[in-house]
Protein chains: 2
Amino acid sequence: MMSKRVGIREVAAAAGVSVTTVSHSLSGGGQLSDATRERVKSVAEGLNYAPNRLASGLRSKRSQIIGFVSDEISTTPYAGNVLLGAQEAAAANDQVLMVVNSNRNSKVEDRGIEALLQHRVDGIIYARMYHQAVELPAALSGIPTVLLDASSDRTDLSSVVPDEEGAARTAMAHLLQAGHRRIGYLGNIDDIPATRGRLAGYRAALAEQGIAYDESLVTASESMTGPGRDAASRLLALADRPTALFCFNDRIAMGAYQAAHLASLEIPRDLSIVSIDNFEVLADALLPGLTSIALPHYEMGRWAIERLAAELADDADSAPQQIQMPCPLVLRQSVGPPPR
Amino acid sequence: MMSKRVGIREVAAAAGVSVTTVSHSLSGGGQLSDATRERVKSVAEGLNYAPNRLASGLRSKRSQIIGFVSDEISTTPYAGNVLLGAQEAAAANDQVLMVVNSNRNSKVEDRGIEALLQHRVDGIIYARMYHQAVELPAALSGIPTVLLDASSDRTDLSSVVPDEEGAARTAMAHLLQAGHRRIGYLGNIDDIPATRGRLAGYRAALAEQGIAYDESLVTASESMTGPGRDAASRLLALADRPTALFCFNDRIAMGAYQAAHLASLEIPRDLSIVSIDNFEVLADALLPGLTSIALPHYEMGRWAIERLAAELADDADSAPQQIQMPCPLVLRQSVGPPPR
DNA sequence: CTGAAAGCGCTAACAC
DNA sequence: GTGTTAGCGCTTTCAG
């Protein structure tokens with residue numbers, strides 16, 4: 001069972017051909033007859049041959065390794081799915097992921113990138129765990145790179161981010177369609193693209209319906225449960241309180257639930273709530289379930305790898321693309337018609 | 001700026017020595033005078049030399065890559081920290097992580113492992129995202145491997161898991177110390193090590209205080225918020241209801257909070273709650289904050305890499321170890337003295 | 001259509 | 001102490 005690792009020459013010997021022919025057969029190169037190609041393949045299979053990627057990478061200048069650089073794999077709970085999407089797409093391309101985490105520290109990041117380059121990664125996915133504007137580290141210049149959940153002002157770089165404004169419009173459309181007209185927005189205060197995008201979507205959706213933007217229905221707080229609760233309480237204390245709340249994210253929405261409880265308002269009978277994140281551990285756990293817009297983490301992960309593969313192959317369509325991905329609505333039980 | 005990649009021979013030429021001397025200087029081998037060693041190092045630095053790991057790995061049979069195989073990087077939100085711990089420890093050892101995700105599918109897992117082996121990883125961390133008993137895939141026989149958040153019956157394999165019983169004892173000690181005597185346990189129903197360990201800890205803690213085990217105070221439900229809520233409601237409806245609840249995990253604890261609300265019980269005035277996970281998005285968000293036992297994800301990640309490094313170096317202490325890591329209590333506001 | 005041979009960039013015997 | 005040299009296992013011209 002513990003047989004010695006078989007190499008390309010053993011296969012060649014067994015098949016009665018040269019190593020060249022074996023190499024060509026397995027990697028589809030050269031001009032071989034289908035007959036030999038198949039025969040060699042089956043011999044290799046029978047011998048349980050597996051290539052040494054170190055050797056082939058060294059020679060061919062293709063390691064089949066993609067570097068995955070991210071700011072914080074862990075801290076944020078959504079994180080995982082972008083890695084998962086990337087990893088599955090990579091596997092489909094016969095590539096593998098080498099991951100490095102900067103923990104928001106550029107020295108650590110540079111060391112990580114250096115390690116990836118020493119291992120001769122074919123390209124790099126430069127990822128953020130939530131949508132951010134970034135500047136690409138200098139060490140990456142000249143290396144095929146795609147930005148994931150991150151954008152930059154460089155048009156020569158492909159990137160993918162969620163369509164923030166669209167997400168907000170989708171959320172608002174759902175509320176408007178249920179009949180709501182006084183809709184509050186529990187916004188956030190960070191200086192990130194989502195802040196502008198979601199607020200813009202909120203305003204645009206209102207404008208489309210000819211509903212005037214009412215500043216007193218809009219708050220800005222830290223995007224966590226406690227501050228969200230306070231902000232929601234303020235809106236709910238208004239004489240003419242909103243009948244629905246659109247929340248920047250699920251954590252704020254959880255605060256809104258708590259505020260509703262404190263104000264003895266029942267969801268969705270007295271108050272409807274929609275938010276963004278579809279963070280299941282919260283959205284499913286809240287009572288009633290929270291209707292929320294999902295961010296396309298998995299899909300962005302896949303897209304980034306596929307784009308990178310296209311650019312590495314540079315056959316034709318390798319012009320950089322900057323795209324925004326649509327964000328689907330996930331229905332639960334937090335929206336109903338407005339109270340009358 | 002786009003200068004050609006410099007190799008060991010350029011360094012040799014620039015320093016006026018042979019490639020051997022350069023190799024020895026940089027990797028601490030051979031018998032060189034400190035003078036040359038330093039000189040070569042600084043020349044290399046000046047030339048911005050960086051080794052090609054593909055080449056050195058091919059020759060030395062050491063890729064400096066560790067394979068990280070896990071069942072689901074993403075689905076569970078705690079996940080990230082074990083990867084983070086592993087990745088940081090690896091970086092400290094000049095190693096890098098190649099990650100592969102099986103998504104609970106053994107065919108996918110086998111393909112992933114095969115890819116790792118083709119890339120000649122030096123060893124493998126076989127990780128689960130929550131404590132489980134596992135059987136090592138056959139493909140891994142003969143490869144240095146350590147189990148992370150997973151255990152097996154093989155004594156020739158190192159492994160690290162949380163001390164489940166200890167975690168439960170810690171939680172209970174906290175409640176007992178606050179004066180509680182009637183403590184309910186909201187358990188789970190999965191057949192996993194945590195199920196037995198935490199229940200055992202609950203019983204042991206009670207026994208130590210001479211408190212009789214009362215079956216009517218123990219429930220078993222799915223470990224999610226909804227079922228937890230129902231289970232908690234049953235206990236709280238008891239004539240002689242418990243004054244405190246120890247919960248299998250934070251999601252169940254969230255259910256307990258909801259049940260308390262429904263029963264008009266205030267936490268911690270009327271009911272104290274402790275649980276396990278310290279899943280911050282919930283524990284911090286709940287009102288009041290949930291006192292919970294943290295699982296040592298980051299630490300287990302580090303430990304696994306360090307153990308693997310020791311076994312790869314096999315200098316001395318390379319005997320396999322199976323350890324259980326302690327789980328610290330994280331205080332918030334959900335525990336108070338029992339109502340009188 | 002197939003094979004011989006020259007490296008990819010580095011490490012490790014073994015000489016000097 | 002330092003240098004020469006033979007590969008690691010594969011891919012890829014270039015001949016036949």
Side-chain angles (χ1 to χ4, degrees), chain A residues 3-41 43-44 47-65 94 114-122 312, chain B residues 3-41 43-44 47-65 94 114-115 117-122:
Chain A
S3 62
K4 208 192 157 306
R5 229 164 157 90
V6 6
I8 200 179
R9 50 206 326 141
E10 278 80 68
V11 176
V17 295
S18 74
V19 296
T20 315
T21 304
V22 176
S23 178
H24 283 163
S25 305
L26 298 176
S27 47
Q31 330 268 290
L32 299 189
S33 67
D34 282 356
T36 23
R37 205 184 288 277
E38 287 313 316
R39 191 164 51 79
V40 171
K41 272 188 184 167
V43 171
L47 257 44
N48 228 296
Y49 167 79
N52 180 334
R53 303 278 180 161
L54 257 40
S56 65
L58 176 59
R59 180 65 231 240
S60 67
K61 311 277 189 211
R62 276 300 171 103
S63 62
Q64 300 290 79
I65 304 173
D94 196 28
E114 173 60 21
L116 295 179
L117 296 180
Q118 292 188 4
H119 283 280
R120 294 298 185 270
V121 295
D122 291 335
L312 287 172
Chain B
S3 61
K4 207 191 155 308
R5 228 158 159 100
V6 5
I8 201 179
R9 47 208 328 141
E10 280 78 69
V11 177
V17 296
S18 73
V19 295
T20 313
T21 305
V22 175
S23 178
H24 284 162
S25 303
L26 298 177
S27 46
Q31 329 268 291
L32 300 190
S33 67
D34 282 357
T36 20
R37 202 183 290 276
E38 286 313 316
R39 190 164 51 80
V40 171
K41 272 187 183 166
V43 170
L47 255 43
N48 229 297
Y49 166 79
N52 181 332
R53 302 278 181 162
L54 257 42
S56 66
L58 176 58
R59 179 64 232 236
S60 67
K61 313 287 196 194
R62 275 304 172 103
S63 62
Q64 301 290 79
I65 303 173
D94 196 27
E114 174 59 20
L117 297 181
Q118 291 188 3
H119 282 281
R120 295 298 187 269
V121 296
D122 291 335

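For the numbers below, each heavy atom of this structure counts, side chains included, while hydrogens, waters and symmetry mates do not.
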Participant: Quick one: is B:Ser18 getting a side-chain N or O under 4.0 Å of the D:dG3 phosphate, OP1 or OP2?
Facilitator: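 True: B:Ser18 side-chain N/O within range (under 4.0 Å) of D:dG3 OP1/OP2.
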Participant: If each of B:Gly16 and A:Ala55 is mapped to the nucleotide of DNA chain D with the nearest heavy atom, which maps nearer the 5' terminus, i.e. the 5' end?
Facilitator: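 Result: B:Gly16.
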Participant: Is any side-chain nitrogen or oxygen of A:Lys61 closer than 4.0 Å to OP1 or OP2 of D:dT12?
Facilitator: no
Participant: Can you tell me if B:Thr21 touches the phosphate of D:dT2, counting only side-chain N or O atoms and a distance under 4.0 Å to OP1 or OP2?
Facilitator: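 No, because none of the side-chain N or O atoms of B:Thr21 sits under 4.0 Å from OP1 or OP2 of D:dT2.
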Participant: Give a yes or no on whether the backbone of A:His24 and the side-chain of A:Arg37 come within a donor-acceptor separation of less than 3.5 Å.
Facilitator: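 Side chain of A:Arg37 to backbone of A:His24: a pair is present.
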Participant: Check this one for me: any side-chain N or O of B:Ser60 less than 4.0 Å away from OP1 or OP2 of D:dC8?
Facilitator: no
Participant: Distance check needed: D:dG9 C1' versus A:Arg53 CZ, whole Å only.
Facilitator: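 These atoms are roughly 13 Å apart.
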Participant: Of the candidate nucleotides C:dC8, C:dA13, C:dG3, which contains the atom at the shortest distance from the side chain of B:Thr20?
Facilitator: C:dA13
Participant: So which nucleotide from C:dG3, D:dT5, C:dC10 ends up closest to the side chain of A:Val17?
Facilitator: C:dG3
Participant: According to a strict under-4.0 Å criterion, is A:Ser56 in side-chain N/O contact with OP1 or OP2 of D:dC10?
Facilitator: no
Participant: Minimum heavy-atom separation for B:Ser25 to B:Thr36, with atom names?
Facilitator: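 Between these two residues, the closest heavy atoms are OG-O, 4.5 Å.
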Participant: Roughly how many Å is it from CD1 in A:Ile8 to P in C:dA5, rounded to a whole number?
Facilitator: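 It works out to 16 Å between those atoms.
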Participant: Name the closest nucleotide to the A:Arg59 side chain, picking from C:dT2, C:dA6, C:dT11.
Facilitator: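 In terms of side-chain proximity for A:Arg59, the closest of C:dT2, C:dA6, C:dT11 is C:dA6.
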Participant: When the distance from CZ of A:Arg120 to C1' of C:dC10 is rounded to whole Å, what number comes out?
Facilitator: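 So the two atoms are 11 Å apart, to the nearest Å.
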Participant: Over how many whole Å does the gap from A:Arg62 atom CZ to D:dG9 atom P extend?
Facilitator: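 One finds 24 Å between P of D:dG9 and CZ of A:Arg62, rounded.
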Participant: Mind calculating the distance between CZ (A:Arg9) and C1' (D:dG9) to the nearest angstrom?
Facilitator: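 Computing the A:Arg9:CZ to D:dG9:C1' distance gives 8 Å.
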Participant: Which whole-number value in Å describes the distance from B:His24 NE2 to D:dT2 P?
Facilitator: 11 Å
Participant: Of the nucleotides D:dT5, D:dT11, D:dT2, which one has an atom closest to the side chain of B:Val19?
Facilitator: D:dT5
Participant: Any side-chain N or O of A:Tyr49 below 4.0 angstrom from OP1/OP2 of D:dG9?
Facilitator: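 Indeed not, no polar side-chain atom of A:Tyr49 lies that close.
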Participant: Shortest non-hydrogen contact from B:Ser63 to A:Leu54?
Facilitator: CB-CD2, 4.2 Å
Participant: For A:Thr20 and A:Ser23, which I'm curious about, is there any donor-acceptor pair between the side chains at under 3.5 Å?
Facilitator: no
Participant: Hey, is B:Asp94 close enough to B:Arg62 for a salt bridge, meaning N to O under 4.0 Å?
Facilitator: no
Participant: Take the protein atom NE2 of A:His119 and the nucleotide atom C1' of C:dC10, then report the distance between them rounded to whole Å.
Facilitator: 14 Å
Participant: C:dC8 P sits how many Å from A:Asn52 CG, rounded?
Facilitator: 18 Å
